[in-house]
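Okay, structure first, notes after.
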Amino acid sequence: MSYQFDFSALLPYWPVFLQGVWLTLKLSALATVFGFVVGTLCAIARADGPPWLKTVVAIYVETIRNTPLLVQIFLVYFGFASLGLKVTANTAAVAALVVNVGAYTCEIVRAGLESIHKSQLEAAECLGLTRTQTYWHVIVRPAIERVYPALTSQYVLLMLASSITSQISAEELTAVANRIQSDTFRSFETYIVTGALYIVLSFVVRAAFTLFGLVIFPRRRKLGTAI
Amino acid sequence: MSLTPVHLQFIAIGGLWTIGLSAIAFIGGSIIGFALALARISPSPLVRRLAAGYIQIVQGTPLLVTLFLFYFGLAVIGLDRLPAIVAAGFGLVVYSSAFLAEIWRGCLESVPKTQWEAAECLALTRWQRMTRVILPQAMRIATAPTVGFLVQIVKNTSLASVVGFVELAQAGKLVNNTIFEPFTVFIVVAAFYFVICYPLSAWSRSLERKLNVGRR
């Protein structure tokens with residue numbers, strides 16, 4: 001093995017790497033927020049909606065979960081174009097990620113909703129809670145609290161999967177890495193640095209979700225126990 | 001120009017390569033992943049930590065970057081004339097080994113502790129305890145999530161297209177480059193993936209239901 005590792009060639013590029021990290025975080029944060037909303041609404045629709053809506057959501061979830069993200073990204077990207085809409089690669093990337101993670105969120109939240117015991121609903125009714133109150137306090141919040149660890153893993157995976165959007169030249173860490181390696185010809189070193197940055201990112205995102213969980217679920221913070 | 005039977009045939013052959021690559025990833029990943037799962041529950045803390053470190057690193061890196069690393073890494077150690085399937089195969093084996101290891105560790109640990117203790121009380125050796133008592137029970141638990149992960153493997157082989165391996169996604173890209181009908185082409189490609197993945201998902205779900213029969 002006569003290869004000389006040369007990481008010094010990458011030194012001038014550290015601001016570019018940092019910018020890539022920032023873009024990846026921004027992209028995945030947007031996709032997470034919107035994906036969570038879409039997924040939760042779909043889960044509620046699937047649990048309590050009219051039959052036709054249930055079927056539509058089921059088809060959506062099954063289609064997304066059984067096709068690769070790469071193909072979904074291409075479809076959204078070219079789909080916008082064939083509708084005559086001019087959107088940037090970044091918008092298409094966020095849209096594709098939202099569609100993708102929405103389906104997974106739906107499945108996870110649905111499991112949470114199913115875990116709410118029937119006696120809880122009866123108790124809510126006895127206490128005279130309105131339908132909205134029951135939904136918010138008795139069904140949705142405890143359900144999400146229960147599946148929060150699974151959601152965290154899913155959103156860390158989403159952050160890693162956002163690298164695939166580099167294939168439609170959306171601006172994020174992997175796209176930045178592709179550009180740097182074609183500037184410096186130090187491909188192996190570039191991707192080692194990129195991989196290390198993603199590992200750090202996945203730790204940071206996981207830690208952020210844990211902290212956020214402590215903030216929004218007081219039960220865990222005050223009693224130290226899961227639901 | 002539009003999609004002709006020749007194009008469809010080309011995409012279908014890509015589909016066969018997708019299945020082949022998935023098989024490589026699954027078989028290779030199973031062998032390494034099983035060893036890792038055992039290492040994760042080994043009595044030696046050093047072995048446990050090494051396995052955990054490997055899994056952390058692989059699960060913390062996107063598969064896309066892993067594939068690039070193998071693609072350029074193999075060239076670095078002087079193997080730059082290998083076909084694309086080698087880099088893609090290595091990358092996917094490493095990726096699936098880390099995830100399968102964690103799935104199977106969970107299954108091994110979910111065998112009740114009393115079973116491990118009983119095996120020990122009966123003076124079974126480590127090997128006998130594993131093969132006669134723990135594995136038969138763990139395998140029952142493991143089938144459903146393993147088949148579920150198989151779907152992930154099939155979908156993730158689409159990333160092998162970035163190192164130039166012609167599987168379904170890459171076949172779709174190539175066809176699209178000749179007929180410029182991205183929407184039609186990728187719908188067809190998605191349909192091919194769906195046909196491969198959906199039966200696996202359905203199978204995994206039915207296995208899960210069978211396993212859960214006592215808890216319904």
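Reckoned from all heavy atoms, side chains included, excluding hydrogens, waters and symmetry mates. Every chain is numbered from 1, with letters handed out A, B, ... down the list of sequences. Here the structure is a predicted model, which is why all the values come from computation and not from measurement.
- The ring of A/Phe78 has its center no closer than 6.0 angstrom to the ring center of B/Phe183.
- Of the listed residues B/Val185, B/Val151, B/Ile57, the one with more heavy-atom pairs under 4.5 angstrom with chain A than any other is B/Ile57.
- Interface remark: B/Thr157 contributes no atoms to any contact with chain A (heavy atom separation under 4.5 Å).
- Using a 4.5 Å cut-off between heavy atoms, A/Thr67 touches chain B through backbone and side chain atoms alike.
- Residue A/Ser166 touches chain B through its side chain alone, counting heavy-atom pairs closer than 4.5 Å.
- Contact annotation for A/Ser82: only side-chain heavy atoms (C-beta onward) come within less than 4.5 Å of a heavy atom of chain B.
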Exercise for review: Carefully, step by step, assess A/Ile199 and B/Gln56 under the rule side chain to side chain contact (heavy atoms under 4.5 Å, CB included).
Suggested key: CA-CA 8 Å; A/Ile199 293 174; B/Gln56 281 283 353; over 6 Å; no
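- Contact of A/Leu69 with chain B is not made at all, since no heavy-atom distance falls under 4.5 Å.
- Looking at A/Gln72, there are no atoms closer than 4.5 Å to chain B (heavy atoms on both sides), in backbone or side chain.
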Practice item. Apply side chain to side chain contact (heavy atoms under 4.5 Å, CB included) to the pair A/Leu160 and B/Thr61, showing each step before the final yes or no. Key: CA-CA 7 Å; A/Leu160 297 176; B/Thr61 336; over 6 Å; no
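- What you find for A/Arg65 and B/Lys155 is that their closest heavy atoms are O-NZ, 2.9 Å.
- Of the two parts of B/Gln59, only the backbone, made up of N, CA, C and O, holds a non-hydrogen atom closer than 4.5 Å to a non-hydrogen atom of chain A.
- Minimum interatomic distance between B/Ala190 and A/Leu75 (heavy atoms only, all atoms of both residues): CB-CD1, 4.2 Å.
- When heavy atoms are compared at a cutoff of 4.5 Å, B/Ile187 approaches chain A by way of both its backbone and its side chain.
- Looking at A/Tyr77, neither its backbone nor its side chain comes within 4.5 Å of chain B, counting heavy atoms on both sides.
- Going from atom CG of B/Leu64 over to atom CG of A/Leu70 covers 8.5 Å, rounded to the nearest 0.5 Å.
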Exercise for review: Please test A/Asn66 against B/Tyr193 for side chain to side chain contact (heavy atoms under 4.5 Å, CB included), starting from the C-alpha separation and ending with a verdict.
Suggested key: CA-CA 7 Å; A/Asn66 287 302; B/Tyr193 275 109; over 6 Å; no
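- Shown here for A/Leu157 and B/Phe99, the closest heavy-atom pair between the two residues is CD2-CZ, 4.2 Å.
- When all heavy atoms of B/Phe68 and A/Thr174 are compared, the closest pair comes out as CE1-CG2, 4.3 Å.
- In terms of the side-chain contact (heavy atoms from CB on, under 4.5 Å) criterion, B/Leu16 has no residue partners (sequence neighbours excluded).
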Review point. Can B/Val189 and A/Phe74 be said to form a side chain to side chain contact (heavy atoms under 4.5 Å, CB included), step by step?
Key: CA-CA 11 Å; B/Val189 169; A/Phe74 283 140; over 6 Å; no
